Structures are given as structure tokens and as C-alpha cells.
Amino acid sequence: MFTIWRHPRPRGAEGRCIGGRTDLPVDPRKAKRLAHRIRAHARRRGLPREVITSPLQRAADVGRWLKRWGFAWRTDPALREMDFGTWDGKPWRDIPQAEFDRWLADFCGFGFEGGESLNALLARATAWRPPCALAVGHGGWVNARAWQGPQKPTPATWPAPLGYSKSFTSEPSAA
Ligand SMILES: Cc1cc2ncn([C@H]3O[C@H](COP(=O)(O)O)[C@@H](O)[C@H]3O)c2cc1C
């Protein structure tokens with residue numbers, strides 16, 4: 001079993017398509033606050049002081065605080081948010097409606113011009129093996145890990161992301 005937190009609210013995300021290619025900063029006080037909560041979570045449950053995070057700073061900065069407090073911290077690119085390709089970082093309003101409609105028409109297979117399809121994210125998140133009980137990552141990744149199917153996600157069934165700094169506990173996927 002492992003618990004993954006979504007990173008704190010980053011700076012500059014409003015109205016933009018922010019994915020695995022856009023490395024937004026996070027307020028150090030917010031990163032420290034989440035790190036405190038993760039440390040308390042580990043202490044309450046007697047968990048090893050070990051954490052793994054996405055390499056993107058909005059998640060990694062939480063790992064850096066925990067490292068200062070004696071945790072073993074490492075990053076794993078497999079925890080990155082979905083790569084939205086040429087859309088990544090752009091204001092949603094700047095993405096042509098026709099392109100957006102192409103995505104909605106092929107929600108899981110659409111590749112975002114040089115990015116990663118939702119199918120690929122689902123495969124990546126499902127296959128991930130937790131090396132420790134504590135992780136910090138991203139909203140889309142957590143949704144992909146939590147997706148139970150059997151149907152493939154659609155624009156109507158894809159859930160809203162976990163709130164910033166909120167957690168999800170997942171059973172290790174049975175191999
Ligand atoms: C299919 C899909 C649709 C999304 N729409 C937004 N996000 C995701 O990408 C953004 C960045 O996530 P974070 O802030 O946690 O790094 C958020 O809007 C989140 O919901 C999506 C992710 C996926 C996979």
C-alpha cells in the first residue's frame with residue numbers, strides 16, 4: 001500500500017494546460033506545509049522515513065524539505081504528469097477548438113503532437129511499482145492510477161483532479 005499526495009498549488013497555472021513538460025514553481029511555505037503533514041502521517045503510522053516524488057519542482061520541492069528532516073528522498077520520471085506535447089504550458093484559450101475536438105473525439109488515443117496519450121499515461125501509472133509507502137505527484141497521474149475501468153475513460157467520465165496537497169491511498173497493483 002502507498003499514499004500519494006498531489007503537490008501544492010503551483011504559481012502560474014491558472015487557465016493554462018499544465019502537464020509533465022511544464023515545470024512550475026511552488027511557494028516554499030506551501031511545500032514545507034505539505035512536507036510537515038507527510039512527516040506526521042509517517043510518524044502516526046510508524047512508516048519508514050522514505051519518500052519518492054515526481055522530478056517536477058512542484059512535487060520535488062516537498063521531497064527536498066523532507067530530506068532536510070532526515071528522510072531518504074528520490075525522484076522517478078514515471079511519476080510525471082501527462083505530457084501534453086505542444087499544448088503543454090499554453091493557455092487553454094490558445095488551443096484551437098478543432099484540435100480540442102480532435103482530442104475529445106479520441107480521448108484516450110490522441111497524442112498531443114509529440115506528447116503522450118492518455119492510454120500511455122494509464123499504462124505508465126498502472127504499471128508503477130511503489131518502492132516506498134510515501135509519494136508526491138500529480139492530479140492526472142493519480143486519476144490514471146485510480147482508474148478502475150473496465151471501460152476506458154471518456155471526457156464525461158474522467159474525474160476532476162485530486163485537490164492540491166490532498167492524498168490518495170492505493171493498493172500495490174497485483175502483478
Ligand atoms: C486526461 C487528463 C485531462 C486533464 N486535464 C487537466 N489535467 C491535469 O493536468 C494539470 C496538471 O496537473 P498537476 O497540477 O497535478 O501537475 C491539472 O489540470 C490536472 O488536472 C489532466 C490530466 C489528464 C491525464
Side-chain angles (χ1 to χ4, degrees), residues 2-31 33-35 37-38 51-64 75-97 99-128 134-170 173:
F2 74 101
T3 299
I4 183 163
W5 283 260
R6 186 179 180 199
H7 57 81
R9 181 185 298 279
R11 292 188 179 131
E14 292 67 30
R16 296 170 65 194
C17 170
I18 302 299
R21 225 181 246 214
T22 306
D23 199 2
L24 294 179
V26 71
D27 182 325
R29 290 164 299 180
K30 290 185 178 173
R33 201 175 305 137
L34 179 54
R37 282 181 34 219
I38 294 174
V51 64
I52 188 162
T53 73
S54 152
L56 296 169
Q57 60 183 310
R58 54 192 185 271
D61 285 1
V62 179
R64 283 191 189 90
T75 65
D76 185 346
L79 286 172
R80 272 175 184 270
E81 181 58 285
M82 186 168 79
D83 178 346
F84 282 92
T86 56
W87 294 15
D88 222 305
K90 282 186 181 161
W92 287 109
R93 68 173 181 279
D94 290 355
I95 293 164
Q97 188 60 43
E99 262 192 59
F100 205 78
D101 294 343
R102 279 179 53 218
W103 178 26
L104 298 182
D106 180 15
F107 193 61
C108 292
F110 185 73
F112 301 99
E113 282 182 64
E116 175 186 30
S117 68
L118 180 51
N119 279 333
L121 174 69
L122 287 162
R124 173 159 66 85
T126 307
W128 190 70
L134 308 168
V136 184
H138 301 271
W141 191 99
V142 172
N143 278 348
R145 178 70 178 208
W147 185 261
Q148 296 292 329
Q151 289 83 8
K152 282 278 184 181
T154 67
T157 59
W158 185 251
L162 198 61
Y164 290 116
S165 296
K166 299 288 186 229
S167 69
F168 166 78
T169 296
S170 170
S173 51

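Read the numbers this way: they start at 1 and go in the same order the structure lists the ligands and their atoms. Keep in mind the model is a prediction, meaning the values are calculated, not measured.
- Of all the listed residues (Glu81, His138, Arg9), Glu81 holds the heavy atom that lies closest to atom 12 (O) of ligand 1.
- Considering backbone and side-chain atoms together, Gly137 places no N or O closer than 3.5 Å to any N or O of ligand 1.
- In the vicinity of Leu121, heavy-atom distances shorter than 4.0 Å reach the ligand 1 atoms 24 (C).
- Within ligand 1, the atoms closer than 4.0 Å to a non-hydrogen atom of Pro161 are 20 (O), numbered from 1 in the order shown.
- Taking the six-membered ring for Trp and the full ring otherwise, the centers of Trp87 and Phe110 sit less than 6.0 Å from each other.
- At a heavy-atom distance under 4.0 Å, no atom of Trp147 approaches ligand 1.
- Annotation: cation-pi geometry not satisfied between Arg9 and Tyr164 (NZ/CZ under 6.0 angstrom from ring centroid, within 45° of ring axis).
- Note: an N/O pair closer than 3.5 Å links Ile18 and ligand 1 by distance alone.
- Backbone and side-chain nitrogen or oxygen atoms of Tyr164 are examined, and none is located within less than 3.5 angstrom of a nitrogen or oxygen of ligand 1.
- Residues Lys152 and Trp147 come closest through the heavy atom pair C-CZ2, 3.9 Å.
- Under the 4.0 angstrom criterion for non-hydrogen atoms, Trp141 is not in contact with ligand 1.
- Of the heavy atoms in Trp158, only side-chain atoms (C-beta onward) come closer than 4.0 Å to ligand 1.
- The single protein non-hydrogen atom nearest to atom 22 (C) of ligand 1 is Gly140 CA, 3.8 Å, given as residue, atom name and distance.
- Residue Arg58 has at least one heavy-atom neighbour below 4.0 Å for each of these atoms of ligand 1: 16 (O).
- Of the protein's non-hydrogen atoms, the one nearest atom 17 (C) of ligand 1 is Arg6 NH2, 3.7 Å.
- Between Ile52 atom CD1 and Asp76 atom CG the span is 4.5 Å, to the nearest 0.5 Å.
- Between Arg21 and Glu81 there is no salt bridge, since none of the side-chain N atoms of the basic residue sits less than 4.0 Å from a carboxylate O of the acidic one.
- Taking a 4.0 Å cut-off on heavy atoms, Phe110 fails to register as neighbouring ligand 1.
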